[in-house]
Amino acid sequence: MAYSEKVVEHYENPRNVGTLDKNDPNVGTGLVGAPACGDVMRLQLKINDSGVIEDAKFKTFGCGSAIASSSLVTEWVKGKTVDEAGTITNQQVAKELALPPVKIHCSVLAEDAIKAAIADFKAKRAARTGQAAAPSAPSPQLHK
Amino acid sequence: MVKLPIYFDNHATTPLDPRVLDAMLPYLKDDFGNAASRNHVFGWKAEAAVELARKQVAALIGGSDKEIVFTSGATESNNLAIKGALEFYREKGDHIITLKTEHKAVLDTCKRLERQRQERIDELKLMRLGDLAGRTVSADELATLEIKHDLEHDATLARWVSQVKTGARVTYLEPKKDGLVDLEQLRAAITDHTVLVSIMLANNEIGVVQPVEAIGALCREKGVLFHTDAVQGAGKIPFDVEKSKCDLVSLSAHKMYGPKGVGALWVRRKPRVRIAPLIDGGGHERGMRSGTLNVSGIVGFGKACELAKAELAPEAARLLGLRQRLHDGLKAKLDMLVVNGSLEHRLPGNLNISFAYVEGEALMMAIKDVAVSSGSACTSASLEPSYVLRALGVDEDMAHSSIRFGLGRFNTVEEVDYVIDLMVRAVSKLREMSPLYEMAKEGIDLKSVQWTAH
Ligand SMILES: Cc1ncc(COP(=O)(O)O)c(C=O)c1O
């Protein structure tokens, strides 16, 4: 199967690979997928007090299309507000990367990762405003 | 400098040896005759060439030329062996034993036979229900009426079913963790109804070599036929039909530097083994496989067998050296590698490794100038990871992380060194990018994490 140029480009030069401190109250972490299914995506968003995404990092276990999908969304979400980022859909990702039908699930995973990271951030903030001193609430995505 | 792309996928197919091509060319040009033409020189030349090839193929496996049936390849040979033997020995029984790691040409053949038997039983159930209900019963009613009339304990139906002569019953043995058949399990699975045991010589994914001599001895003792798909092993490791006491052996030319689309089924003559043909027609190949012979392909197959036999021992030693160099080179620079299947009982040219926390398709993309295969679901049409690795009990994530290296006659030390270097860089880069690798390094037990399956 041939990959689209954009998938290859992101795969070869992935943007924003890395790790943010998951205990930072301004960082939301989304961990989606499963090793058994062959793809796991972790997306981390650093969100400032005005709700703008200042930084995004990802790490992905998965095929080239999964890596490209995660790399792409880190680019897209940076500078967006949390609400704007929450409207990114898998169709947009799939279209931009020209994913074939068998790879659509990679774009779905990317959308899920954004939603999960935002949900984690919101849960942390709620915990913080609820009970003033709980800065290191564990990430709910890591149901351990 | 090595020449790119590099071909390390010699289990999928092998390049044509130039010496094989040279042997074939005359039969694609001037000597185009039909081997069945008895009355002119064109036919005689073709027939002589086919008969020489028959001897060359038989010699590779220690058989006689009179026992070779040329086919279109091993897919056909496997179908012919299983369906043909089952049909011929129907009176003896209808039970087949095979292994979960066999090639699809064996497994899907067995599945079709099982389905045919089940369809026949369903027909009988409908007939029986018709009797009991006093009216014609349709297939949609089967599930409900079957319970209502308690067909499970119906003696008449049981008697009918015991006489079913369509399809087969199949036992799929689970291999041991190292991929080898459990001989005690095999012994226990053989019943009075067993016609055939079909277990391959060497596996196409993990290269694991089965104890065919012990299997053959057991089958002989129990009076059941032994078919082996020897596609990956013949010409690569010593294999002899007498020592292994096989009755039916499948071979394919394109896995041993011959042309695609030609293979053979070896059918034992002493004691005589019979099979019913799948293809009817002009009665070629002693009635077991009609159709005008693929003369140039058969000539190439014969030459390929001759070369493989002549060069077997030194070539096996050379490939084992390359395989060890590859394995050692990877192990020296990368941690958390797991070899799938027994290293000891293995084809010299095969290495199947899971690179933990890295997905196989992404890895193949990173080494795009090197042709290998992966057990990752992403590379298969079914979106399921390799059934062979799963049958060994390999976890799904590790199956997704597997790469099969298949070394062959034309691979070199320089290529191996190039691939080691490339793999080390690719795996390191992808692990840097892998959340699982990071978590594992932090000491998180990945099995304890509740993943969001999708
Ligand atoms: C073990 C095994 N059996 C059978 C086959 C099928 O052979 P052919 O391609 O000649 O039909 C293959 C090749 O894919 C194989 O590896």
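Sequence lines set the chain letters: A, B, ... in the order given, protein chains first and strands last, and positions in each chain run from 1.
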From Glu361(B) atom CD to Tyr3(A) atom OH, the distance as rounded to the nearest 0.5 Å: 3.0 Å
All side chain to side chain donor-acceptor pair (under 3.5 Å) counterparts of Thr89(A), not counting sequence neighbours: none
N/O donor-acceptor pair under 3.5 Å between Thr452(B) side chain and Gly33(A) backbone: yes
Spatial distance of atom SG (Cys63(A)) from atom CE (Met365(B)) [nearest 0.5 Å]: 8.5 Å
Other residues, nucleotides, ligands: >12 heavy atoms within 6.0 Å of Lys6(A) NZ: no
Qualifying salt bridge (Lys or Arg N to Asp or Glu O under 4.0 Å) pairs, either residue in residues 78-94 of chain A, two or more places apart: Asp55(A)-Lys78(A)
Over 12 non-hydrogen atoms of neighbours within 6.0 angstrom of CD in Glu442(B): yes
Within 6.0 angstrom of Arg112(B) CZ, more than 12 heavy atoms from elsewhere: no
Per-residue contact mode, Val40(A) against chain B (heavy atom under 4.5 angstrom): both
Nearest-0.5 Å distance, CD of residue Glu438(B) to CZ of residue Arg42(A): 4.0 Å
Structural part of Val8(A) lying under 4.5 Å from a heavy atom of chain B: both
Closest approach of Trp451(B) to Leu31(A) (non-hydrogen atoms, all atoms of both residues): CZ3-CD2, 3.7 Å
Which atom of Glu12(A) lies closest to which atom of Lys368(B), heavy atoms considered: OE2-NZ, 3.3 Å
Side-chain donor or acceptor of Tyr437(B) paired with backbone N/O of Phe61(A) under 3.5 Å: no
Lys104(B) NZ: over 12 foreign heavy atoms closer than 6.0 Å: yes
Considering all heavy atoms, the nearest Ala362(B)-Gly62(A) contact: CB-O, 3.2 Å
OG1-CD distance between Thr60(A) and Glu359(B), expressed to the nearest 0.5 angstrom: 11.5 Å
Nearest heavy-atom neighbours spanning Ala36(A) and His400(B): O-NE2, 2.9 Å
